[in-house]
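Reading through the structure tokens given below for one structure.
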Amino acid sequence: MKDFPLNVAIFASGGGSNAQAIADAIRDGKLNARIGLCVSNKIDAGVLLRMEELDIPTVVLSPRFFESDQVYTDQILHELESKDINFIALAGYLRKVPTEVVRRFKNRLVNIHPALLPSFGGKGYYGRRVHEAVLEYGVKWTGVTVHLVDEEYDMGPIVLQEPVRVEPGDTPETLAARVLELEHRVYPEAIGLFAEGRITVKGRKVVVGPRNAKR
């Protein structure tokens, strides 16, 4: 089997369109990685079927299935270690990742957010709620942010951002559709920077090095 610089676990709670975009980028040779595991907290999440159709191992893990938070965390780590996972991508994952997992994967755990952080981020800001808040506030630009995950919601150092213009007459649905289309391009691109060894983290600043940079 070919060796890849990244063996990615995708954590997702919903339909998994960003997970599919990552898988498509790998298939098309745009991303030098493999997806070694998909983790969901919902047994009926659409992402599970998507990944199973690609022969990617899946597992459903929710705190309510376990006798304690520590047992739950230990099981997550066991699943990751058993698949030799070295990178995690959150793709619409609607649970806070346990602190021990965040620390174990420091600077190797990313998330994509449908706005330009630090605006319209934090606990409770996800999905449609983000786009509703953007429209209510009246900003002219929104966008997508890929960031490293730390122990606070949407507060980790920013890896990549791209803007989306808010058009007159936008609804949460029309705005969400344009933002999601951008997410599908930007997320594999950001993960690719890690695969190419181009990311250096200096405090809160993420520095993107040139191509062919040494790791």
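Quick caveat: nothing in here was measured; it's all calculated off a predicted structure.
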- Query: With a 4.0 Å cut-off, would you call Arg185 and Glu162 a salt bridge?
  - Reply: yes
- NE2 of His147 to CG of Leu109, rounded to nearest 0.5 Å, is 9.5 Å
- Query: Does a sphere of radius 6.0 Å around CD in Glu81 hold more than 12 heavy atoms from other residues, nucleotides or ligands, not counting ones at 6.0 Å or beyond?
  - Reply: yes
- Task: Quick one: do Phe65 and Tyr72 satisfy ring-ring contact (aromatic ring centres under 6.0 Å, His included)? Show the steps, please.
- Result: CA-CA 8 Å; Phe65 298 158; Tyr72 164 63; 9.1 Å; no
- Are Thr58 and Glu52 linked by a side-chain donor-acceptor pair shorter than 3.5 Å? yes
- Got a second to check how far Asn107's CG is from Leu148's CG, nearest 0.5 Å? 5.5 Å
- Item | Separation of Asn7 CG from Leu37 CG (nearest 0.5 Å) | 8.5 Å
- When rounded to the nearest 0.5 angstrom, what distance separates NE2 in His131 from CD in Glu136? 14.5 Å
- Message: Test of understanding: with salt bridge (Lys or Arg N to Asp or Glu O under 4.0 Å), list the residues that count as partners of Glu132, not counting sequence neighbours.
- Response: Arg128
- Message: Please evaluate residues Thr73 and Phe66 with respect to the criterion side chain to side chain contact (heavy atoms under 4.5 Å, CB included), reporting the C-alpha separation (whole Å), side-chain torsions for both, the decisive distance (0.1 Å), and the verdict.
- Response: CA-CA 9 Å; Thr73 299; Phe66 297 89; over 6 Å; no
- Query: With distance as the sole criterion, is a donor-acceptor pair present between the side chains of Arg95 and Asn41 under 3.5 Å?
  - Reply: no
- Query: Could you give the distance from NZ (Lys42) to CG (Leu61), rounded to the nearest 0.5 Å?
  - Reply: 15.0 Å
- Task: Answer yes or no: is there a side-chain heavy-atom contact under 4.5 Å between Lys202 and Val207?
- Result: yes
- Item | Presence of salt bridge, Lys106 and Asp150, under 4.0 angstrom | no
- Straight-line distance of Ile88 CD1 to Arg104 CZ, nearest 0.5 Å: 10.0 Å
- Message: Could you check whether Glu151 pairs with Arg103 (Lys NZ or Arg NE/NH1/NH2 to Asp/Glu carboxylate O, under 4.0 Å)?
- Response: yes
